[in-house]
**Q** 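Please see the structure below; I have some questions.
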Protein chains: 2
Amino acid sequence: MCELLGMSANVPTDICFSFTGLIQRGGRTGPHKDGWGITFYEGKGCRTFRDPNPGYNSPIARLVQEYPIKSCAVVSHIRQANRGAVALENTHPFTRELWGKNWTFAHNGQLKGYRSLKNPSFIPIGETDSEYAFCWLLEQLKQRYPRRPSNWPAVFRFIASCAGQLRKKGVFNMLLSDGDYVMAYCSTRLHWLTRRAPFGKATLLDEDVEIDFQRETTPNDVVTVIATQPLTGNEQWQKIEPGEFALFHLGERVL
Amino acid sequence: MCELLGMSANVPTDICFSFTGLIQRGGRTGPHKDGWGITFYEGKGCRTFRDPNPGYNSPIARLVQEYPIKSCAVVSHIRQANRGAVALENTHPFTRELWGKNWTFAHNGQLKGYRSLKNPSFIPIGETDSEYAFCWLLEQLKQRYPRRPSNWPAVFRFIASCAGQLRKKGVFNMLLSDGDYVMAYCSTRLHWLTRRAPFGKATLLDEDVEIDFQRETTPNDVVTVIATQPLTGNEQWQKIEPGEFALFHLGERVL
């Protein structure tokens with residue numbers, strides 16, 4: 001299996017603290033040694049850092065921990081391979097264009113019968129069940145909305161219904177973002193937490209690091225973090241129930 | 001204008017030396033301060049490092065210079081903005097999927113009337129003439145070859161004829177790769193150089209760095225570097241004539 005990490009914020013915020021916790025599970029405190037990746041949105045653009053090597057001793061992962069890239073929407077993933085070899089083309093997150101927007105996807109779980117998912121417009125490059133599922137989701141969206149839609153909550157409700165179909169093929173925990181919204185679909189396990197004023201201190205579970213968010217934030221900041229397993233020990237993480245989803249926009253849960 | 005850098009090699013080779021030369025022109029020895037990017041292919045996958053900030057003092061550019069990522073196909077670009085704001089979504093190279101392959105594109109030049117290039121399947125995310133041209137090229141390819149072709153030299157000859165049409169709209173120097181081939185189309189200015197045994201020493205024009213390729217290579221290595229302007233002072237760079245193209249595969253020129 002794998003672990004997911006996402007962020008939605010109302011001001012560009014760095015994810016160094018949470019990423020530092022996650023990346024320890026990439027071969028040190030966890031078994032997810034088969035690659036890692038992280039996508040940061042900045043305006044309509046996004047950039048992805050990915051490596052098929054273990055995260056905990058990757059020079060690129062170290063850069064991401066030390067260089068505070070600020071973003072309002074982030075999707076990250078550490079991999080323990082099941083379907084598809086350990087290779088760059090099989091490393092999440094995956095990004096594709098639809099309606100002139102970058103869509104980014106990461107998956108935790110395992111699907112059966114995924115090769116029968118037909119996608120005339122979006123062809124997988126690698127061999128993972130995850131990329132097949134992502135291409136199929138985009139295909140459903142393109143068929144349902146041939147032109148760019150405007151009612152985004154309705155679009156994400158439609159995506160959740162498609163994710164429900166994928167869940168019937170196995171385990172399908174997912175993070176998906178178009179740069180504005182961050183969606184978390186829970187098949188088995190997914191948690192989230194919103195930090196807002198008054199900010200406190202937080203301590204990572206996986207590394208001896210404490211942060212005082214009051215020093216790092218302004219009183220109006222709202223930042224939501226989504227993770228497979230809670231990353232901090234002294235904060236109240238919310239569980240998303242299996243079969244449910246949560247949609248975040250500028251740090252707030254909107255659905 | 002901008003500067004282009006490409007590489008094609010028969011064994012995974014790092015591009016640290018050439019990239020160190022190019023990146024100096026990103027705000028230090030040259031005016032290309034409006035962002036930079038580099039895409040490395042590894043198998044069917046690729047990874048892109050991009051930054052809308054000047055290259056010469058970017059922490060991410062420093063990582064790319066110091067961490068020898070080895071690849072057989074590389075496309076890189078430093079930007080001096082003309083069309084489109086300085087923003088991540090306008091930073092080259094651009095990558096899109098076609099026929100289940102990653103296609104990567106970078107452009108030097110300026111086009112007029114580019115907004116009339118219609119692309120039902122590939123929609124630009126940013127505002128650059130370059131991304132419009134790339135989307136239009138992919139659209140032509142998809143219409144000409146609805147299914148994945150197998151005669152790749154014919155595909156690249158077709159791309160060259162499309163590039164000739166784009167050149168009528170202004171200046172269109174281009175690097176394009178599918179991970180196997182690296183194509184250089186010259187509208188005004190583009191040079192290339194193949195290094196093979198017996199290897200010698202080379203000295204960068206833009207930074208006081210010398211390299212002894214004999215120490216870094218084996219006798220069977222063949223590495224071609226493509227650049228807008230020669231990067232070294234003591235080697236014989238070939239010029240591509242305006243309106244012509246060169247196609248490289250595993251380091252060798254094949255067309």
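In the text below, chain A, chain B and the rest are named by the order of the sequence lines, each starting its count at 1.
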**Q** Going by the ring pair (Phe, Tyr, Trp, His ring centres under 6.0 Å) test, which pairs reach into residues 72-93 of chain B, not counting sequence neighbours?
**A** B:H77-B:H92, B:H92-B:F94
**Q** Test: salt bridge (charged side-chain N to carboxylate O under 4.0 Å, His left out). Region: residues 54-68 of chain B. Which pairs qualify, not counting sequence neighbours?
**A** none
**Q** Select all residues of residues 44-61 of chain A having any heavy atom within less than 4.5 Å of some heavy atom of chain B, and report them by number, or 'none'.
**A** A:K44, A:G45, A:C46, A:R47, A:T48, A:F49, A:R50, A:D51, A:P52, A:N53, A:P59, A:I60
**Q** Measure distances from A:I125 to the heavy atoms of chain B and classify the residue's part below 4.5 Å as side chain, backbone, both or neither.
**A** both
**Q** Identify which of A:Y67, A:F122, A:Y41, A:W99 forms the greatest number of heavy-atom pairs closer than 4.5 Å to chain B.
**A** A:Y67
**Q** B:D178: what forms a side chain to side chain donor-acceptor pair (under 3.5 Å) with it, not counting sequence neighbours?
**A** B:K101
**Q** To the nearest 0.5 Å, what is the distance between OG on A:S121 and CD on B:E97?
**A** 9.5 Å
**Q** Is it the backbone or the side chain of A:E127 that comes under 4.5 Å from a heavy atom of chain B, or both, or neither?
**A** side chain
